[in-house]
There are 2 protein chains.
Amino acid sequence: MQKKLSAPTLRRLPRYYRIVCEYYERGEEYIRSCEIAGKLDVDETQVRKDIAAINYSGKPKIGFNIGEFKFHLENFLDLSRPKKAFLIGVGNLGLALAKYNGFSNYGLDIVALFDTDPQKIGLKVGEKEVFHVSEIVNKAKQDNIKIVVLAIPGEEAQKMANLVIEAGIKAIWNFAPVDIEVPGGIIVSNQDLAADFVVLSMKLNE
Amino acid sequence: MQKKLSAPTLRRLPRYYRIVCEYYERGEEYIRSCEIAGKLDVDETQVRKDIAAINYSGKPKIGFNIGEFKFHLENFLDLSRPKKAFLIGVGNLGLALAKYNGFSNYGLDIVALFDTDPQKIGLKVGEKEVFHVSEIVNKAKQDNIKIVVLAIPGEEAQKMANLVIEAGIKAIWNFAPVDIEVPGGIIVSNQDLAADFVVLSMKLNE
DNA sequence: TAGATTGTTAATCGATTAACAATC
DNA sequence: TAGATTGTTAATCGATTAACAATC
């Protein structure tokens, strides 16, 4: 938050956090940059630079204190403050995302689900109720929701994005297999699973 | 395949492909680099560089021929040759991945599913049968499978990865929320959805 | 032809890596 | 103290961007 991090650094931090949590659960007290580097296939200097970027520092010869480091990452990445979000599309993927409870460790709190299928309206997934998408604009304003997770078919994604943006949504996590276009000031992350597979598959062909 | 592309270029190519397919379906004949650039928020020079990297070229003043460009991308990214894969873990996420039929356009062909739940063994998801994971080593060798999609809980992921590597698997597309470590020569793509969310959430806080 | 767009070379920018001093 | 590991400065590397010539 304070200073702007480079995108590559920002992407590495959650991975550091995961390792730090592992160490934390195992009761370790310290971790060295070379241990992190080894696990993630990153240069150890890089790891120290990244850690410096979030204003934390270690102790020469000893490493980084797990408890402090974890706390710093949580603070910097704002993991402890839950960010309420709506999830649109209660198919298999939507259900998987709704049921996965690991997101709460990363600050994501899906509070309600939306679909168009009358059979699904009113159902409960854990504590989350399924509403009709026609209610989404009102509910988003009412609950002051800024984030939407889109797990609907590609054909409907852009239209739905337009709708929720009008409802005041500022960030869209898009799992539909299309690149959504949005006005300036709105954040979109196109998850693009198929594209990720292509990268994997090309590496395999090296 | 021929020359090695930079990772950023490789990641952009599937996105170009998606746009080219849209144009193709709309019956367009040509596309200009600035159109692609605008849609994807990439520099137009970058787009031309990337296209040059796959040995395709356009026509000054006109642009890139959709049919030719599409064909070149398919060839270069090897999209037309289906790559058989096993999917392990038939939960909601696994089901979503198994049912999604858009992967075939990107060369992924999930041919069988695996789980440990006796209730699920023998079920069919579309044309894909669910087998017990104990069969996976034999079946992988038998069908000469090189790719596995992992959609199982984090705690089991590393162990399963070790198992399938012994069975000759060369690439793992891992959706479990852990970073899997593998020996050299094995390709892993850790999908890490929570980490992606953190990046989105940090951008929102800018 | 004139103008628009490609292709390519050069310049910039920023991330990664290497070297090494600081320090516990 | 000696040695290991951090923190930081400098060097390298590579990706992106800018400039412009080529061309249809």
Side-chain angles (χ1 to χ4, degrees), chain A residues 2-16 19-20 23 28-73 76 195 199 202-203 206, chain B residues 2-16 19-20 23 28-73 76 195 199 202-203 206:
Chain A
Q2 25 268 42
K3 299 178 188 166
K4 58 189 178 306
L5 299 175
S6 76
T9 294
L10 179 53
R11 275 195 294 270
R12 282 188 294 265
L13 291 175
R15 308 176 67 199
Y16 298 167
I19 292 174
V20 166
Y23 272 60
E28 303 277 346
E29 218 176 331
Y30 286 93
I31 189 167
R32 283 168 296 165
S33 58
C34 62
E35 297 177 66
I36 299 176
K39 280 178 188 293
L40 296 183
D41 204 25
V42 168
D43 189 90
E44 65 169 86
T45 309
Q46 187 73 77
V47 173
R48 293 201 292 274
K49 274 249 168 99
D50 290 339
I51 296 174
I54 60 169
N55 305 313
Y56 181 54
S57 60
K59 296 193 184 66
K61 192 176 167 171
I62 295 175
F64 300 85
N65 180 284
I66 289 292
E68 289 175 13
F69 190 11
K70 183 164 176 285
F71 182 78
H72 263 260
L73 280 166
F76 199 93
V199 174
M202 289 292 286
K203 283 187 196 159
E206 104 290 28
Chain B
Q2 25 268 43
K3 298 178 188 165
K4 58 191 176 308
L5 300 175
S6 76
T9 294
L10 179 52
R11 275 194 295 270
R12 283 188 294 265
L13 290 175
R15 308 175 68 198
Y16 299 166
I19 292 174
V20 168
Y23 272 61
E28 303 276 347
E29 217 175 331
Y30 286 93
I31 189 168
R32 284 167 297 165
S33 57
C34 62
E35 298 177 64
I36 300 176
K39 279 178 189 291
L40 297 183
D41 204 26
V42 168
D43 190 89
E44 64 169 85
T45 309
Q46 186 74 78
V47 173
R48 292 201 292 272
K49 274 247 169 98
D50 290 339
I51 295 174
I54 60 169
N55 305 313
Y56 181 54
S57 60
K59 295 192 185 67
K61 193 176 167 170
I62 296 175
F64 299 85
N65 180 283
I66 289 291
E68 289 176 13
F69 190 10
K70 183 164 176 285
F71 182 77
H72 263 260
L73 281 165
F76 199 93
V199 174
M202 288 293 286
K203 283 188 196 159
E206 105 289 28

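Below, chain A is the first sequence line, B the second, and so on; all start at residue 1.
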What is the distance, rounded to the nearest whole Å, between atom CD of A:E44 and atom P of C:dA19?
13 Å
Assert: residue with more 5' nearest nucleotide on DNA chain D, out of B:P60 and A:K61, is A:K61
In whole Å, what is the span from the CZ atom of B:R12 to the P atom of D:dT16?
4 Å
Parallel, tilted or perpendicular: which one describes the rings of B:H72 and B:Y56, with boundaries at 30° and 60°?
tilted
How many angstroms lie between atom SG of B:C34 and atom CD of B:E44, to the nearest 0.5 angstrom?
5.5 Å
DNA chain D nearest-nucleotide lookup for A:S33 and B:A7: closer to the 5′ end is A:S33
Write down the distance between CG (A:N65) and P (D:dT5), rounded to a whole number of angstrom.
17 Å
When the distance from CG of A:D41 to C1' of C:dT16 is rounded to whole Å, what number comes out?
13 Å
The side chain of A:T45 lies closest to which of these nucleotides: C:dT6, C:dA19, D:dA18?
C:dA19
Rounded to the nearest Å, what distance is computed from the CG atom of residue B:L10 to the P atom of nucleotide D:dG14?
17 Å
Candidate nucleotides C:dT6, C:dT17, D:dT6, ranked by approach to the side chain of B:F64 - the nearest:
C:dT6
Base, sugar-phosphate, or nothing: which does B:T9 touch, judged by heavy atoms less than 4.0 Å apart?
nothing
Sugar-phosphate, base or nothing in reach of A:S6, heavy atoms under 4.0 Å
sugar-phosphate
Does the side chain of B:V42 reach to within under 4.5 Å of the side chain of B:Y16, using non-hydrogen atoms?
yes
Could you give the CG-to-C1' distance, from B:L13 to D:dA15, as a whole number of Å?
15 Å
What's the CD1-P distance between B:I51 and C:dT5, to the nearest Å?
14 Å
Paired to D:dA10 by Watson-Crick or G-U wobble criteria (both distances under 3.5 Å) is C:dT17
For the residue pair B:I36 and B:L40, establish whether any side-chain heavy-atom pair is separated by less than 4.5 Å.
yes
Can the ring centroids of B:Y30 and B:F64 be said to lie less than 6.0 angstrom from one another?
no
On the side chain of A:K49, is there an atom forming a donor-acceptor pair with the base of D:dT6 - under 3.5 Å, no angle test?
no
Residue matched to D:dA4 through Watson-Crick or wobble contacts both under 3.5 angstrom
C:dT23
Whole Å only: how far is the NZ atom of A:K59 from the P atom of C:dC24?
10 Å
Short side-chain N/O contact from A:R48 to OP1 or OP2 of C:dA22, under 4.0 Å
no
Which part of the nucleic acid does A:R32 contact within heavy-atom distance under 4.0 Å: base, sugar-phosphate only, or nothing?
sugar-phosphate
